[in-house]
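Note: hydrogens, waters and symmetry copies are ignored here, and every other heavy atom, side chains too, is used.
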Amino acid sequence: MTNSGLQTTTIPLYLPDPHATLPQYADDEPAHDSFGRRINYLRISLTDRCNFRCVYCMPAVGTQFLPRPELLTTDELLLVVRAAAAAGFQKIRLTGGEPTLRPDLVEIVTAIKATPGITHVAMTTNALRLAKLAQPLKEAGLDRVNISIDTLDPAKFRQVTRGGKLDMVWEGIQAADQVGLHPIKLNAVVVRGLNDEEVPQLAALTLRYPWEMRFIEVMPLTGVADVAEDGVVKSEELIAQLEQIHGPLEDLGLAPTDSARRYRIPGAKGKLGFISAVSDPFCATCNRMRLTADGRLHLCLLRDNELDLRAAIRGGASQAQIEQLVRHAVAMKPWGHGLPEHVLPTLRGMSQLGG
Ligand code: SAM
Ligand code: SF4
């Protein structure tokens, strides 16, 4: 296969030379980036739409959603998954926007799970629709879920999500637990002055449930810079706050390629996780890449670099050609984000990237 036939159909957006002829990558070994990191985890945004409007994720008004023809179809999405698996990707996470808004979600999970080479399929969701979907998703082969929950106070929850109903989310969490989408991980983005006072209550869930409660430093993505600018609460501050209540936390360390440093409250059933992308970036062990709902490989969460797979697919590229493009995207992956130098992504918000 040569890449020359792809030049008119691929648009390596924001890559240094959009007209470069792609190198030919060996296709008999897993893809590594130019810094030697094995990239084997693809996070797929199934839609940019959402039934919440979390204040740290989307602006209150003005978000433009992709017209439906712009989204990858089920077949296009599954072609990318097969190509990524051929390039050595093993783990898939479905995200959004809100992935449960995608009508073909169960079908997508079934097909991804049946893809040779894919060993894990997980989903990140706000759980509003999970009470109904947990069972069919489990039967389709979904391995586990991460669920966003930023407070246990219904009024505060409505405020953070701009209208969300906490009881429905709680039912979704219980349903996921009952059908065995384990281990259940809960995500709270902590924003100073908004929900930082809720952290002890959220952490205390791990005394009762064998779940992992993870606290995420808010990131300054486009559309929410005003919330994020002064809102970051460093993980170390939260850990100190929790140690005042519970005494020293048991340090469970950082699993390789995991973004969360994990702790346990002495005697707790569950764990705590702290994701410190702002104060303590984990770029050195990054193993991931993202696929946007409109079919672009997004090379680093906090940078704008992308490579357009949809254009290649709609231009007739074969699976082998898409695999070469995936390998090229991996080779072009930046070392890390530029937050320390105040370089911020400008093109997409978190709801388009999926976290
Ligand atoms: N709608 C699903 C949900 O909320 O779980 C999936 C998409 S959401 C964009 C994925 C994750 O990104 C969630 O855990 C959410 O809390 C997190 N997130 C959203 N905006 C963020 C921000 N500005 N900084 C850090 N995490 C953010
Ligand atoms: Fe929607 Fe998730 Fe963003 Fe909240 S964090 S607005 S639930 S995509």
Side-chain angles (χ1 to χ4, degrees), residues 49-63 95-101 123-134 145-178 184-209 211-221 223-235 237-242 244-246 265 268 270 272-275 278 349-351 354-355:
R49 287 165 200 260
C50 190
N51 36 17
F52 287 173
R53 293 284 182 279
C54 301
V55 296
Y56 50 73
C57 182
M58 279 197 207
V61 288
T63 303
T95 176
E98 177 46 40
T100 59
L101 292 182
M123 181 173 76
T124 300
T125 173
N126 63 27
L128 191 69
R129 306 190 70 207
L130 204 55
K132 278 198 186 134
L133 280 169
V145 282
N146 287 18
I147 296 170
S148 298
I149 181 164
D150 303 307
T151 166
L152 297 177
D153 171 0
K156 183 61 72 73
F157 191 82
R158 267 197 305 281
Q159 183 193 349
V160 173
T161 57
R162 298 197 182 96
K165 292 200 170 88
L166 180 61
D167 54 349
M168 289 175 71
V169 169
W170 189 255
E171 277 173 35
I173 296 172
Q174 298 290 342
D177 201 10
Q178 276 157 21
I184 303 271
K185 295 188 183 179
L186 305 181
N187 290 339
V189 175
V190 182
V191 181
R192 194 179 301 285
L194 184 71
N195 65 338
D196 50 335
E197 292 185 355
E198 318 285 318
V199 168
Q201 237 195 329
L202 288 165
L205 286 174
T206 64
L207 299 172
R208 290 182 58 196
Y209 300 100
W211 302 338
E212 184 171 322
M213 182 70 233
R214 296 149 33 116
F215 299 103
I216 303 174
E217 290 177 353
V218 63
M219 292 178 233
L221 272 97
V224 297
D226 50 336
V227 177
E229 209 154 83
D230 302 318
V232 180
V233 185
K234 288 186 184 176
S235 298
E237 189 182 321
L238 296 180
I239 293 168
Q241 187 188 359
L242 292 171
Q244 282 199 339
I245 302 169
H246 299 284
I265 298 174
L272 302 174
F274 296 88
I275 300 181
V278 179
M350 195 64 107
S351 61

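In terms of heavy-atom proximity, Leu152 sits nearest to Leu166 at O-CD2, 3.3 Å. The two residues Met213 and Leu202 have their closest heavy-atom pair at CG-O, 3.6 Å. Minimum heavy-atom separation, Ala176 to Val145: CB-CG2, 3.8 Å. For the pair Ser351 and Cys57, the tightest heavy-atom approach, listed with the atom from each and the gap, is N-SG, 3.5 Å. Across all their heavy atoms, Thr206 and Ala268 have their closest contact at O-CB, 3.5 Å. For the pair Ser148 and Val169, the tightest heavy-atom approach, listed with the atom from each and the gap, is O-CG1, 4.3 Å.
With values rounded to the nearest 0.5 angstrom, Leu130 atom CG is found 11.0 Å from Gln174 atom CD. From Tyr56, atom OH reaches atom CD1 of Ile216 across 7.5 Å, with rounding to the nearest 0.5 Å. Here CE of Met58 is found 11.0 Å from CZ of Phe52. Values are rounded to the nearest 0.5 Å. Note: Glu212 CD to Lys185 NZ = 4.5 Å, rounded to the nearest 0.5 Å.
The backbone N or O of Ile147 sits nowhere less than 3.5 Å from a side-chain atom of Asn187 that would complete a donor-acceptor pair. Remark: the backbone N or O of Val232 is not paired with any side-chain donor or acceptor of Glu217 at under 3.5 angstrom. At distances below 3.5 Å, at least one donor-acceptor pair connects side-chain atoms of Asn195 with backbone N or O atoms of Asp150.
Checking each of Lys156, Gln201, Glu198, Gln159 against Thr151 for a side-chain hydrogen bond (donor to acceptor under 3.5 Å, both in side chains) leaves exactly one that passes, namely Glu198.
Side-chain atoms of Asp177 and Tyr209 include no donor-acceptor pair closer than 3.5 Å.
Leu186 is not listed as a side-chain neighbour of Asn146, based on a closest heavy-atom distance of 4.5 Å or more. Side-chain contact between Met350 and Val224: absent, with no pair of heavy atoms (C-beta onward) separated by less than 4.5 Å. Using a 4.5 Å heavy-atom cutoff, the side chains of Leu128 and Glu98 are not in contact. The side-chain heavy atoms of Asp167 and Pro154, taken from C-beta on, include no pair separated by under 4.5 Å. Residues Leu101 and Arg129 are in side-chain contact: their nearest non-hydrogen atoms beyond the backbone lie under 4.5 Å apart. Contact of the Val55 side chain with the Leu194 side chain is registered, since non-hydrogen atoms from C-beta on lie closer than 4.5 Å. Counting heavy atoms from C-beta on, the side chains of Arg162 and Cys54 never come closer than 4.5 Å. Annotation: side chain of Leu238 is in contact with side chain of Val190 (closest heavy-atom distance under 4.5 Å).
Counted within 6.0 Å of NZ on Lys234, heavy atoms from surrounding residues, nucleotides or ligands total 12 or fewer; the atom is thus considered open.
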- request: Step by step, work out the side-chain contact (heavy atoms from CB on, under 4.5 Å) result for Phe157 and Thr161.
  value: CA-CA 6 Å; Phe157 191 82; Thr161 57; 3.8 Å; yes
Worked verdict on Val191 versus Asp196 for side-chain contact (heavy atoms from CB on, under 4.5 Å): CA-CA 6 Å; Val191 181; Asp196 50 335; over 6 Å; no
- request: Verify side-chain contact (heavy atoms from CB on, under 4.5 Å) between Val199 and Phe215, making sure each step is shown before the conclusion.
  value: CA-CA 8 Å; Val199 168; Phe215 299 103; 3.8 Å; yes
message: Evaluate Met123 against Thr100 for side-chain contact (heavy atoms from CB on, under 4.5 Å), listing each step before the verdict.
response: CA-CA 9 Å; Met123 181 173 76; Thr100 59; 4.0 Å; yes
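The pair Glu237-Arg192 counts as a salt bridge, with a side-chain nitrogen and a carboxylate oxygen less than 4.0 angstrom apart.
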